[in-house]
A.B. asks: 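Before anything else, here's the structure in question.
Numbering of residues begins at 1 and proceeds along the displayed sequence. The model shown is predicted, which means the values in this text are computed figures rather than measured ones.
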Amino acid sequence: MCGIAGIFNYADPERAVDRATLTRMTRALAHRGPDGEGFFVEGAIGLGHRRLAIVDLSPSGAQPMSTPDGSHWIAYNGEFYNHGGFRDALAAKGVAFRGSSDTETLLHLMATRGVDALAEVAGIFGFALWERDARRLTLARDPLGVKQVYVHDDGQRIVFASEIKALYACPDVPREVDPEAVNEYLHVHTPLFERTFLKHVKQLRAGEFLRVSGGGRTHRRYWEVTDFAPRGGSPDENVRDLRDALQRVVGEQLMSDVPVGSFFSGGIDSTAVASMATRAGLRPRCFGVHFTGQGVIDERPYQEAAAKALGLDLELITLDGSSFPQDMERLLYTQDQPVIGAAMLPMDAVAKLAAQKVKVCVGGQAADEVFGGYARYALAHPMKVASQWVRGVPATVARRLARGASNAPSTGHTARVGGNVWKQFAEPATLLRIARNLRTGLDGVTDWRERYFNNFAKVPERAWQGVFSRDAMVSRDAVRAVFRDTVDRSPATDPADKVMHWDSQTYLTGLFQQDDRMSMAHSLESRVPMADPRIVRFAFRSGFDLKFRDGASKWILRQAVADVIPAEVLNRRKVGFDTPAVRWMQGPHRDWVRDTLTSTAARNRGFWNVPALTQWLDRPSDPLWFDVVWKALCIEVWATVALDGRWRAHSTLDAPAPEAREG
């Protein structure tokens with residue numbers, strides 16, 4: 001995994017790249033690649049690269065990399081997991097490889113077959129490809145959007161990078177806020193599709209490539225899920241096939257010439273990935289974070305039980321929130337913009353812990369979005385899920401009574417899947433949210449789209465309208481329209497598949513941005529086998545009845561690993577990456593939170609209705625307090641970083657570099 005940056009003066013081939021600007025852009029990404037720096041500059045095109053050496057540690061893996069004749073150049077951030085088969089096919093056609101890197105395989109694949117071959121690539125990536133003869137630049141992002149590519153195009157020149165902060169090196173890139181991106185973040189926790197918080201900075205969509213030349217620019221999706229038809233076969237056959245697919249994919253994703261570890265939350269997803277890694281012959285060192293006595297679930301007992309069951313070493317870290325104000329500024333600089341939630345705090349901590357021992361970690365991200373891990377997906381078929389549970393109650397009670405009579409242990413091979421969905425629905429916060437959404441009108445009851453959207457958006461529109469002073473910042477109807485249009489255009493026919501398809505294109509890409517920034521800030525590569533396109537296609541053809549079954553979400557995934565995971569882990573309710581951030585914000589750092597949101601800078605920002613914000617700060621017992629205050633705080637801290645210039649205190653764009661490689 002690496003960092004890329006570049007400049008292309010496509011409208012004027014005689015306009016040379018500003019080498020100093022390219023250098024500063026590249027060095028702003030130093031954390032992504034401490035192992036090397038390289039440049040290719042030729043007239044109107046310039047590519048920069050920072051290297052985190054994972055596969056082929058020799059100089060032959062350095063970038064930017066070219067074909068022997070110099071006709072194609074690539075700057076690549078990613079991993080190409082199934083490159084071995086392509087490499088063999090290319091070698092059989094006479095391609096002579098200089099090294100063993102997947103970068104070189106991808107370069108020659110693009111040179112011989114072009115971007116159409118990307119549909120067959122299983123990997124995570126963002127790359128730039130320069131075709132010298134055609135004078136054409138191609139930028140591409142992986143199928144699920146695990147890695148990012150950001151661009152600014154002024155009509156004459158395009159600048160691009162792996163992170164937005166690299167574009168701060170270009171003084172002519174406007175720092176204008178996109179109000180609709182903020183609106184989308186408020187309602188669905190992330191800017192959608194190509195939007196970012198900066199109006200004139202866009203991102204490539206997942207599974208998309210962009211081609212730029214003197215003749216103009218074109219976008220095209222090269223990968224998307226189109227087949228949602230159930231695969232058929234018995235539940236047992238589907239479970240077996242998933243187990244085999246996971247074993248194959250996780251095995252491929254262990255490719256590395258450096259140590260590989262595993263993020264370990266104590267949940268089903270990370271435990272499943274670690275178990276598959278163990279079956280593939282690796283015993284990964286596991287890394288996790290937990291909170292003891294801080295008002296949230298302590299994950300440690302689950303982490304230790306799962307690690308013990310798999311026979312794996314486990315290292316844990318905890319946070320006390322003492323550096324919360326400093327962490328917020330640092331992490332919102334790191335993250336580039338507000339997305340998702342407070343999980344950035346523990347994710348940063350566990351990445352820092354892991355980076356002391358390994359350069360790569362595998363994790364369980366994406367399983368919830370593609371296998372149906374969230375109870376909210378049951379809102380698409382509430383009666384079906386309820387009837388499944390009712391049918392399963394007698395058998396479940398009988399099994400528990402039998403187990404109690406025989407004193408059978410509740411771990412390992414005796415574990416049975418079921419019941420976790422009802423644990424989540426029974427929580428007071430969940431019941432309160434459902435009741436609040438029912439008050440929105442008949443559509444909130446009868447229309448699955450409204451049930452899902454209102455549950456996901458959570459905070460009522462009127463609350464956000466009160467907090468913001470600018471009407472353009474808040475419009476639930478605008479986000480609802482994007483949601484409805486997207487789910488209606490989805491080729492899926494089942495409502496649950498439609499909303500999972502939506503989440504995989506929106507919420508999941510926000511999670512991946514957060515995961516990428518928190519890990520790469522510590523020069524640690526994060527891999528996500530559950531987001532492998534082969535697993536995603538399998539998941540979307542599994543059908544609702546194999547995802548929600550016997551009162552369990554992700555039933556098919558749980559069954560696939562039920563023989564190795566303790567029952568207390570296997571049937572846990574979904575808790576997410578819980579943090580004590582609300583306790584920190586209402587306790588030791590309440591004055592800092594208040595000062596930040598009512599400061600002179602905040603009052604002059606033009607965003608906030610400060611009296612309304614103050615009223616929220618004064619109501620810490622309101623069930624929505626954290627949801628409102630957290631997002632307001634993230635937006636204001638981000639604004640001080642991106643708009644007020646605090647990014648300079650964190651940037652490495654003027655730092656010295658390792659030995660540069662010239663192309």
A.B. asks: According to the interplanar angle, ranging from 0 to 90°, do the rings of Trp647 and Tyr168 count as parallel (below 30°), tilted (30 to 60°) or perpendicular (above 60°)?
C.D. replies: tilted
A.B. asks: Tyr76 vs Phe125 aromatic rings, parallel, tilted or perpendicular, using cut-offs 30° and 60°?
C.D. replies: tilted
A.B. asks: Which heavy atom of Val350 sits nearest to which heavy atom of Val289, and what is that distance?
C.D. replies: CG2-N, 4.2 Å
A.B. asks: Could you give the distance from SG (Cys634) to CD1 (Ile340), rounded to the nearest 0.5 Å?
C.D. replies: 11.0 Å
A.B. asks: Rounded to the nearest 0.5 Å, what separation is found between the NE2 atom of His650 and the OG1 atom of Thr334?
C.D. replies: 8.0 Å
A.B. asks: In sequence, state the C-alpha distance, the side-chain angles, and the governing distance for Phe324 and Trp592, and then conclude on ring-ring contact (aromatic ring centres under 6.0 Å, His included).
C.D. replies: CA-CA 10 Å; Phe324 179 71; Trp592 175 79; 5.8 Å; yes
A.B. asks: Output yes when a side-chain donor or acceptor of Asp142 lies under 3.5 Å from a complementary backbone atom of Lys147, and no otherwise.
C.D. replies: yes
A.B. asks: Do Asn183 and Glu180 have side-chain N/O donor and acceptor atoms under 3.5 Å apart?
C.D. replies: yes
A.B. asks: Tell me which one of Arg330, Gln514, Lys165, Glu163 satisfies side-chain hydrogen bond (donor to acceptor under 3.5 Å, both in side chains) with Gln335.
C.D. replies: Gln514
A.B. asks: Is it true that Arg27 and Asp654 make a salt bridge, defined as a side-chain N closer than 4.0 Å to a carboxylate O?
C.D. replies: no
A.B. asks: In terms of side-chain heavy atoms, does Asp503 have a donor or acceptor partner in Tyr377 at a distance below 3.5 Å?
C.D. replies: yes
A.B. asks: Could you state the interatomic distance from CG (Leu331) to CZ (Arg517), rounded to the nearest 0.5 Å?
C.D. replies: 12.5 Å
A.B. asks: Hey, does the side chain of His589 reach the backbone of Gly321 with a donor-acceptor pair shorter than 3.5 angstrom?
C.D. replies: yes
A.B. asks: In this structure, which one of Trp638, Tyr150, Phe607 forms a ring-ring contact (aromatic ring centres under 6.0 Å, His included) with Phe197?
C.D. replies: Trp638
A.B. asks: Taking the basic N atoms (NZ, or NE/NH1/NH2) and the acidic carboxylate oxygens, is any pair closer than 4.0 Å for Asp516 and Arg32?
C.D. replies: yes
A.B. asks: Could you check whether Gln337 and Gln513, counting side-chain N and O atoms only, form a donor-acceptor pair closer than 3.5 Å?
C.D. replies: yes
A.B. asks: Check this for me, if you would: do Arg50 and Glu37 make a salt bridge, where the nitrogen-to-carboxylate-oxygen distance has to be below 4.0 angstrom?
C.D. replies: yes
A.B. asks: Counting distance only, does the side-chain N/O of Gln294 pair as donor-acceptor with the main-chain N or O of Leu319 below 3.5 Å?
C.D. replies: yes
A.B. asks: For Thr640 and Asp644, which I'm curious about, is there any donor-acceptor pair between the side chains at under 3.5 Å?
C.D. replies: no
A.B. asks: Say whether Trp608 and Glu636, considering side chains only, have a donor N or O and an acceptor N or O under 3.5 Å apart.
C.D. replies: yes
A.B. asks: Within this structure, what is the CG-CD1 distance for the pair Leu144 and Ile124, rounded to the nearest 0.5 Å?
C.D. replies: 10.5 Å
A.B. asks: Whether the Asp154 and His200 side chains hold a donor-acceptor pair (N or O, under 3.5 Å, no angle test) is what I'd like checked.
C.D. replies: no
A.B. asks: Are Asp172 and Arg157 ion-paired here, with the side-chain N under 4.0 Å from a carboxylate O?
C.D. replies: yes
A.B. asks: Take Leu137 and Tyr10 through the test side chain to side chain contact (heavy atoms under 4.5 Å, CB included) and record every step on the way to the result.
C.D. replies: CA-CA 9 Å; Leu137 174 70; Tyr10 61 87; over 6 Å; no
A.B. asks: Answer yes or no for Arg217 and Phe8: cation-pi contact, defined as NZ/CZ to six-membered ring centre under 6.0 Å and angle to ring axis within 45°.
C.D. replies: no
A.B. asks: Within the structure provided, determine whether Asp618 and Thr614 are in side-chain contact (heavy-atom separation under 4.5 Å).
C.D. replies: yes
A.B. asks: Could you please spell out the steps behind the ring-ring contact (aromatic ring centres under 6.0 Å, His included) verdict for Phe456 and Phe483?
C.D. replies: CA-CA 11 Å; Phe456 195 77; Phe483 168 75; 8.5 Å; no
